[in-house]
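Working notes, structure below.
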Amino acid sequence: MSTTVDLPVSGPAVVPARRTGFWRNLWKVLKRKPSRMVGAAIVAVFVLTGIVGPWLYPDNLPRDSDQILAGPSASHLLGTDFEGTDVLALLITGTRYVLVAAAFAALITVLIGTAFGLYAGYRRGAPDSVLMRITDFVLTIPGFPLLLVLSTVWKFSSALQMGLVLGLTGWGGLARSVRSATLSLRERGFVEAARGLGMPTRHIVTRELLPNIAPYVAMNLLIGVTTFIYSQVGLFYLGVLPFTSNNWGVMIQLAVTNGVTQTGAGLGYLMAPLVSILLLTLGVVLLVDALDEVFNPRLRED
Amino acid sequence: MLAFLRRLAGHLVRGVVMIWVVTTFTFVLVRLMPGDPVQTQYEKLLAQGVSAEQARAQVQVTYGFVPHGSWISQYGDYLWKLLHFDLGKSVSAQGVSVTTEVLGAAKWTIGLVLAGTLLSFVIGVVLGVIAAMKREGHVGSILSLIGSLLHGIPQYVMALVLVTFLTVKLKLFSTGPVNGLIDPGFNGPYLASIISHAVLPAAAFALSSFGGYLLTMKSSVVSVLGDDFILASELRGIKPSIIFRYVARNALLPLFTVLALSLGFMIGGAVFIEHAFNYPGMGAMLIDSIGNRDYSEMSGAFLLITGAVILANIAADLLYSAIDPRVRHGGAT
């Protein structure tokens, strides 16, 4: 299933004139539907948790050995794990890893995907077909099994390495969409005008093409972040990577290996990361809906 | 016809090249393993008092190449065996060839993927049409939201939630291997056992993937509804049921490509569901082989999964050109 946003092939690609314009539009669009506000709020809460979360708790979380796999209570809002650690604390301290890895992966995807897509779409000809062959290849190899196989050689368990490997295997879809957007943009009047005026290629690519492609890249990025989160959590859940730090995937894996799915004890331990993933997905879906309207003024209802 | 054959030949060549790249990749990967598993097995056999000659023969049987000699000759051996569908021997299940093991697992995965995909396709298409017809009201927007959400939920979340609530809390279904005490074959108890094991994985599959079909179908129906010929047939007073048939036929086109593509990807993507439900398919095999450091089995499973995706891609493209004349005549690429 593709994870890219469909690009409108033609249509007015309006460049936000100033940064303030973008933020003001975003605010206007968010206010129009309460669901979008909820989405933005969810994403904001997770990002904030990712930033400050680990500072709220000591490095070694306290263990309450009387309360093993306990249910929710006043002292442990989401229950405890198999060692008596508070699940909420685990969830909050584990958020940073998940978000850092996903954000780094997204950054790499954007760099490679945009560069390949722009170059292939603008130059066409031989560079285009070579780059698109490579892209096809990256798209065809099933990504998650590839990560599993790679994990045997490279224990990418630190957040940055995780992001690197996710990004390196996940840029194919973005490169394709950027290329097709570039192909249609380069025939448009303003690009032709710039070419006719003898502007250097560097100017055309960075000043004429890039600002028009940026909105699509941004939206793909946001959706990409969620898929990167699934993949990394999935890798830890399957237990193919060493646990060097606490994160959501490790929580799921340890909950399953400690029999939560068999006995049902300590359900909070298993459900907390799962529900967090669902919430974050919901937030992103709602926020993308808002961004879609900011970038495609034709969708606006007024 | 000629164009079709040319297209097919091009696809096949590209597919073969891709499979070659993948095999080369796994070959190099196994050689790069920390504590080279090939060398390790060889030395272990030597330590057990096996003669160097025999140890080498044993290792060759397992991995398809000898530990000594240059990488080039090892690589040649490996590819030669591969051409004969010899993927080596499994390390964990002693003496069983990887080809047999992988094909045995493939049978289970294909059954699961077919059942799950058909189920999600039907649900997705029906709900997608409804969402498109009622797109102005609440029903439409709720269906779209459900679609985007379910499309976004990773399969392991769905699988774990279902496992926990249905097998543990409610004890409705059984997980674990199909009961070995029942005679395998085409008889009632055995089939019943298979079905009771496969229902939940297939349901998890369908639940986590129908969202994608729903969204695609919805946008496809909406775009067809905006076409001039629909307006024209409405103006000419053609019955709504017949208009619906026009719409359905045109709107389904893009869905078939998605269907063929996802069949391939699901074979690789069933990893989580198979793992969560303890289902003996290829994805579970891939994970187990990594856990057991059984690298010949791992290479075999990965190769088959990739092969399935490549085949599905080819099938999707050919299918699309067969059902949509515009593609066949070189309109769009």
Side-chain angles (χ1 to χ4, degrees), chain A residues 1-3 6 33 35 133 136-137 139-155 223 226-227 229-231 233-235 237-241 249 252-253 255-256 259-265 267 270-271 273-278 280-286 288-289, chain B residues 14-15 17-18 21-22 25-26 29-30 32-34 37 141 145 148-149 151-157 160-161 163-165 167-169 175 209 211-212 216 219 258 261-262 264-269 271-272 275-276 282-283 286-287 290-291 293 295 298-299 301-302 305-306 308-310 313:
Chain A
M1 212 93 349
S2 100
T3 55
D6 286 337
K33 281 191 191 170
S35 65
R133 279 278 165 280
D136 277 343
F137 187 72
L139 277 175
T140 306
I141 300 287
F144 197 77
L146 176 66
L147 289 176
L148 282 177
V149 171
L150 273 178
S151 75
T152 55
V153 178
W154 180 14
K155 300 292 177 200
I223 296 174
T226 59
T227 45
I229 290 177
Y230 307 153
S231 305
V233 171
L235 279 170
Y237 157 55
L238 294 178
V240 295
L241 293 175
I252 299 177
Q253 150 78 5
V256 172
V260 174
T261 52
Q262 253 119 62
T263 61
L267 210 54
L270 176 66
M271 286 302 152
L274 295 183
V275 171
S276 301
I277 292 176
L278 293 188
L280 189 54
T281 307
L282 179 69
V284 168
V285 166
L286 296 174
V288 165
D289 175 48
Chain B
R14 249 171 285 156
V17 169
M18 218 163 227
V21 174
V22 170
F25 168 75
T26 47
L29 204 71
V30 171
L32 287 177
M33 297 276 173
S141 47
L145 183 64
S148 330
L149 259 186
H151 182 46
I153 291 177
Q155 287 182 334
Y156 52 87
V157 174
L160 283 173
V161 169
V163 165
T164 314
F165 287 103
T167 65
V168 180
K169 290 266 166 177
T175 54
S209 52
T216 321
S219 67
V258 180
L261 281 179
S262 68
F265 263 102
M266 287 308 161
I267 286 181
V271 177
F272 292 121
H275 183 75
M282 274 193 302
L286 183 66
I287 300 164
I290 290 172
R293 309 182 77 72
Y295 296 118
M298 180 195 81
S299 315
F302 184 60
I305 290 174
T306 316
V309 176
I310 294 171
N313 275 331

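Proteins come first, then strands; the chains are lettered A, B, ... in the order of their sequence lines, and each starts at number 1. These numbers come from the heavy atoms of this one structure, side chains and all, not from hydrogens, waters or symmetry mates.
When atom types are taken as modelled, the side chain of B:Thr26 and the backbone of B:Val22 share a donor-acceptor pair closer than 3.5 angstrom. Side chain of A:Tyr230 to main chain of A:Ile277: no donor-acceptor pair is present (N/O by atom type, distance under 3.5 Å, no hydrogens or angles).
When all heavy atoms of B:Met282 and B:Ala301 are compared, the pair lying nearest together is O-CB, 4.4 Å.
For B:Met298, the part sitting under 4.5 Å from any heavy atom of chain A is the side chain, from C-beta outward, and nothing else. In this structure, the portions of A:Thr140 lying under 4.5 Å from any heavy atom of chain B include both its backbone and its side chain. In this structure, the portions of A:Leu146 lying under 4.5 Å from any heavy atom of chain B include both its backbone and its side chain. Only the side chain of B:Leu286 comes within contact range of chain A, judged by heavy atoms closer than 4.5 Å. For chain B, the nearby part of A:Leu139 is the backbone; its heavy atoms alone come within less than 4.5 Å. In this structure, the portions of A:Val149 lying under 4.5 Å from any heavy atom of chain B include both its backbone and its side chain.
Atom CD1 of residue B:Ile287 and atom OH of residue A:Tyr237 lie 8.0 Å apart, to the nearest 0.5 angstrom. Going from atom CD1 of B:Ile290 over to atom CG of A:Leu150 covers 9.5 Å, rounded to the nearest 0.5 Å.
Looking only at side-chain heavy atoms (C-beta outward), A:Leu148 and B:Phe302 stay at 4.5 Å or farther from each other.
Note: A:Phe144 and B:Phe272 have tilted aromatic rings, judged against thresholds of 30 and 60 degrees for the angle between ring planes.
Your options are A:Gly234, A:Ser231, A:Ser151, and the one with the most heavy-atom pairs under 4.5 Å with chain B is A:Gly234. Chain A forms the most heavy-atom pairs under 4.5 Å with one residue out of B:Val157, B:Val17, B:Val161, and that residue is B:Val157. Between chain B and the residues A:Val233, A:Val285, A:Leu238, A:Thr281, the most heavy-atom pairs under 4.5 angstrom are made by A:Leu238.
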